[in-house]
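Keep in mind it's a predicted model, so treat the numbers as computed, not measured.
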Amino acid sequence: DHRDLHSFPTRRSSDLDGGQAGGLIGKADGSEIGGCSSTMGVRAADLDAGGLTGYSLHTVIFDSYTSGRVRGSGAVGGLVGYAQTCNINGSFSTSRVMGSNYSVGGLVGRNRSTVIDDCYTAGSVFSSHSWVGGLLGVNSGGEITNSYSVSFVTGWGNYIGGLIGFGEHQDITGSYWNIETSGLTESSGGEGLSTAEMLQITSYSNWDFNSTWILEENFSYPALLWQQPSSYPVPGPTQLSGYGDDATVYLFWNEPFNEPSGYKIYRDDILLNEDYLITETEYIDQDVNNWETHTYYVSALFTSADEQVESL
């Protein structure tokens with residue numbers, strides 16, 4: 001369907017028995033999507049699930065972002081599930097992306113002949129199959145310029161990459177991934193950097209830090225100029241681990257790159273310490289029952305230019 005959408009936020013949830021599920025629109029054909037966002041969770045039982053669009057053809061996407069959880073079978077992406085001959089510019093995703101099949105990526109699950117400029121991902125990507133990448137799961141004939149990923153990436157099988165899982169007939173320029181946060185030193189394109197390197201402007205060759213990007217050195221990864229400072233991608237705690245014992249969960253983590261004001265603890269996306277900050281690198285959760293399964297997440301809180309910034 002041809003639709004033009006501008007400055008359109010969504011916050012509900014989408015749960016489909018089929019495919020082509022998106023936080024904003026399921027299928028975009030010849031559309032223009034600009035200044036849009038989605039914080040909703042998306043789940044598709046079949047192919048093509050994306051935080052913004054499930055399937056995009058001949059579509060332009062710019063200045064948009066997603067942050068909700070995205071789950072599907074194959075062709076699952078934080079922003080777009082399947083993108084064909086599109087143009088994606090100045091956009092990012094911090095979504096947690098999960099797929100049960102091939103082609104899962106932090107920004108786009110499967111990309112065919114799409115041009116991607118000035119984009120980044122800072123979430124997590126998981127698949128129980130092959131072709132998994134921090135930015136793109138599969139890149140076939142696509143052009144990627146001045147983009148990066150600091151997403152955590154996990155997959156089982158072949159072609160698991162920090163930036164791109166599987167790539168063919170592609171053109172990659174000035175694009176990077178974090179070898180520490182991704183846990184990967186390999187990618188089908190791009191250059192791997194450390195956290196310290198990704199906090200320096202000099203690491204980004206030929207990037208425009210006047211009209212496109214902004215970077216607070218030694219504090220945040222590059223952010224798009226249109227972003228609010230409170231949403232800048234700041235490195236958070238690492239190596240979260242834990243164990244359960246007699247209706248109690250014990251959590252431990254490593255400090256982030258910079259010293260924070262404190263930490264926020266989330267269980268199943270619910271903030272546990274709403275009225276105070278944790279100042280140690282451990283937490284005990286006693287409000288659980290035996291035999292329950294929970295997902296935990298820890299973020300750090302910083303103060304920058306009188307703004308409260310929550311880490312990735």
Residues [X] and [Y]: side-chain donor-acceptor under 3.5 angstrom:
X	Y	value
T248	Q286	no
T66	S93	yes
S91	D63	no
Q84	T114	no
W213	D208	no

Smallest separation among heavy atoms of [X] and [Y], with atom names:
X	Y	value
S230	E307	CB-OE1, 3.9 Å
S205	Y176	N-OH, 3.4 Å
P237	P256	N-CB, 3.9 Å
Y148	M198	CD1-CE, 3.7 Å
D287	R267	O-NH2, 3.4 Å

Discussion item. Less than 4.0 angstrom from a charged side-chain N to a carboxylate O is my criterion; do D269 and R69 meet it?
Written reply: yes
Out of curiosity, does [Y] fall in the hydrophobic cluster containing [X] (side-chain heavy atoms, cut-off under 4.5 Å, transitive links)?
X	Y	result
F252	Y263	no
Y221	W226	yes
W253	L271	no

Item to complete: Apply ring pair (Phe, Tyr, Trp, His ring centres under 6.0 Å) to Y266 and Y296, showing your working.
Response: CA-CA 6 Å; Y266 295 85; Y296 288 89; over 10 Å; no
Would you say that [X] contacts [Y] through its side chain, given a criterion of any heavy-atom pair below 4.5 Å between the two side chains?
X	Y	value
I172	N139	yes
I116	L107	yes
F126	R96	no

Worksheet item: Can you say whether the rings of W131 and Y102 are parallel (under 30°), tilted (30 to 60°) or perpendicular (over 60°)?
Response: tilted
Discussion item. Just checking E217: does its CD atom have more than 12 heavy atoms from other residues, nucleotides or ligands closer to it than 6.0 angstrom?
Written reply: yes
Worksheet item: Do the two ring centres, one from F92 and one from Y120, sit under 6.0 Å apart?
Response: yes
Fill in: side chain to side chain contact (heavy atoms under 4.5 Å, CB included) assessment of T85 paired with L57
CA-CA 6 Å; T85 53; L57 176 66; 3.8 Å; yes
Worksheet item: Can you name the one residue among D118, N146, T212, T145 that meets side-chain hydrogen bond (donor to acceptor under 3.5 Å, both in side chains) with W207?
Response: N146
Discussion item. Keeping T121 on the side-chain end and S151 on the backbone end, is there a donor-acceptor pair under 3.5 Å?
Written reply: no
